[in-house]
Structures are given as structure tokens and as C-alpha cells.
Amino acid sequence: MKVALFSTKPYDRKFFKQANQESPHELTFLEPRLTPLTAPLAKGYDAACLFVNDQADAETLEVLADSGVKVLALRCAGFNNVDLNAAERLGLTVVRVPAYSPHAVAEHTVGLMLTLNRQIHRGYNRVREGNFALDGLLGFDLHEKVVGIIGTGIIGAVVAKILSGFGCHLLAYDVRENPDCVELGVNYTSLDEIYAKSDVITLHCPLTPQTHHLINADAIAEMKPGVMLINTSRGGIVETPAVIDGLKTSRVGSLGIDVYEEEGDLFFEDLSNFVIRDDVFARLLTFPNVLVTGHQAFFTEEALQQIAGTTLGNLQDLADGRECPNEVSAAKLSGG
Ligand code: NAD
């Protein structure tokens, strides 16, 4: 297939070129993010390959379809940025990489917890400045603490396994129970109980209309004072101004995020020579107990190899007329 890859970085090129040695796809690496304005770049291509912040709304998909594109190959797991109904209407097949390295995201999640709790980010800076004082760096043992996991799919289950090694008590909420988590001793319960009892809450559900702003002012009001909140899933699950209010009153004790609702205008770019215009994001950066990483939880060698391999495999399935197990469609999601 002739494939136009949007939003590519040097690391995408490296891993896709390596994986493409064994398959005959013609790859064109484009730097721009997919928007209605950049979509015509895919004219004459069979497939457009997208990442998390590419815009695949109805308007953009119409331009892609008019340009002759037949396949949208997502090189990520989440597909909240794709209008699946519009894709179906326009005859675009959508494929994704449902699982690459759940360990990459789960390990980063636990890294955020440990860094925030033991204030390693602050300790690192202090020592480099010759400040060896410990005031303000007090943490807590994770051992015996209650961690609430919202969403126990592939990534949430790995987080549960790692945290069970720390001796945490694990509560979970999901629309369906994961037998691996039940076997591990995770207790499934209501969101209310998770909010009331958890010392740490970590989000691993997808962004859907049901989970949009799940963590809002009402949810935060139910949480244990001083709760640590971690989000490595999708920014839109958290209503950021409500969390900022929670941080200001200390109801939220600390916040670790790898994703942010408006990250499309910020993440994956070097903006160090520019002014940040997003006041909500800028406010987050002022808190000593907030740790932000720029959507890097997936970013390991193993994950990038699998992303490239699975994406090219998906395209090969479609090129050969085989059914692709990684296809997503509005009909499939609605059970149709
Ligand atoms: P998954 O589909 O295996 O698991 C998601 C789980 O959420 C499922 O068990 C599902 O039943 C549950 N769920 C669905 N709706 C829910 C609801 N309303 N309330 C509670 N639970 C609900 O997905 P995964 O591979 O574990 O990934 C989880 C999320 O992590 C993805 O949706 C993606 O947005 C995010 N992600 C982030 C990165 C990163 O780099 N930060 C990388 C990969 C994935």
C-alpha cells in the first residue's frame, strides 16, 4: 500500500523503516499533524497513518476520502480522535494497534506515582543546587496503601500486578471485571467507594462519552483528602480546572499526568522558545506537587517496534483482502 504517515518524528521513521524491510509498503513520512488543511497531502495514497493527536473528525475524513484514501491506520490504541460514524459513511476502514507494550504505560504510571510520592523530581534539582535539606520531601510508604484503578483492561491489569508487588490494597472499577485482576486479589467496587477509600487513584479507561470529565468537582469532593491522582490514559477524562481547585484546597494531594485535554497544541513539539498561551496548563506547572510528562508513557523501544510491526501487519491484511483483527468500526462497537 501507499501510506502517508502524519505527525511523524525521527523515531517513527526509524522504527517504521526497520519494520518495513520485510513488507513492501511505500511509506511517506509527513511532519504535519492531520487536520482538514493538511489532509490533501494524502492525495493519491491508499492509507493515512495517524497518531493520538491527529484530527480525524468528519470534515477531515471527507477530505481524505475525496483524496482517494481508503484506510485509516492508527498507530496507537485509543481511537477517541476518530469519528467512526463518518469513517463508515465514507467507506474508510479503520485499524489500530490495540496492544503494544502495556508494560511501557504501566511502568511509566508507577514511575509517576513513585516520583511524586518521594518527590524525586524536587530532590534531583535540590542536590544539583547543593541543597541537601529534606524539608518538604516527606513521602509515604506505598505498602498497605489503597490504590483505586479505574479501567482494568490490558494496561490497568499490569498496573495492578506491579502494585500488588508493592503490597498495596487494590480496588478497581470497570464496566467488566478482568479475571486476571480478580485472581490477583483486586476488589471490584463502585466509583463512590474508590473515591472514598483510595490513597492513590489511577485512570486506565478509554475516553468515551461516559468517561469524559469522569474526574470532575463532584468526584473530587468525594475523594479522600490528600489523594494522589494519576492519569496516563486520555486528558479528557479529567476536568482540569476542577483538579486545580482540588490542588488549591489540598483535597488533591498530588497530580501526575502524561496526558492533558488540550495537549494537541502542546505535546510532541519543542515549544521552549514560545510563550505558553494555555493558562490552565500554565497554572498546573506552578504546583510543586504536580508532575507532567508529555504523552511519553508509550515511549519504549519495545512499544515502538510493536506499533510499527502491527500497523504494517494491519495494512498487509487489508492489502491481501484478509479480515483484519484490529479493525474498529462504529458497528462493531455498538455490537452490530
Ligand atoms: P483496554 O481497552 O485494554 O482497557 C480499557 C478498560 O477500560 C477496559 O477494561 C474497559 O472495560 C474499561 N472501560 C471502558 N469504559 C469504562 C468506563 N466507563 N468506566 C470504567 N472502565 C471502563 O485499553 P488499554 O490498552 O488498557 O489502554 C487504556 C487507555 O490507555 C487507552 O484507552 C488509551 O487512551 C490509554 N493509553 C495511553 C498511552 C500513553 O502513552 N499515555 C498509551 C497507550 C494507551
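Just so you know, these numbers come straight off a predicted model, no measurement behind them. Residue numbers count from 1 along this sequence. Atoms considered below: every heavy atom in the structure, side chains included; atoms not considered: hydrogens, waters and symmetry mates. Atoms within a ligand are numbered from 1 in the order they appear, just like the ligands themselves.
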Below 4.0 angstrom, N of the basic side chain to O of the carboxylate: do D141 and R118 qualify?
no

What are the distances between nitrogen or oxygen atoms of ligand 1 and protein nitrogen or oxygen atoms, counting only those under 3.5 Å?
| residue | atom | partner | partner atom | Å |
| --- | --- | --- | --- | --- |
| ligand 1 | 3 (O) | I154 | N | 2.9 |
| ligand 1 | 9 (O) | G153 | N | 3.3 |
| ligand 1 | 9 (O) | D174 | OD2 | 2.6 |
| ligand 1 | 11 (O) | D174 | OD1 | 2.6 |
| ligand 1 | 26 (O) | I154 | N | 3.3 |
| ligand 1 | 26 (O) | I155 | N | 2.8 |
| ligand 1 | 34 (O) | S233 | O | 3.4 |
| ligand 1 | 34 (O) | R234 | NH1 | 3.3 |
| ligand 1 | 40 (O) | F298 | N | 3.1 |
| ligand 1 | 41 (N) | T232 | O | 3.0 |
| ligand 1 | 41 (N) | D258 | OD2 | 3.0 |

Residues R322, D320: salt bridge by 4.0 Å N-O rule
yes

Do the ring centers of F299 and F268 come within less than 6.0 Å of each other?
no

Salt bridge or not for K161 and E183, using N-O below 4.0 Å?
no

Does a salt bridge link E269 with K9, judged by any charged N lying under 4.0 Å from a carboxylate O?
yes

Less than 6.0 angstrom separating the ring centers of Y260 and F281, yes or no?
yes

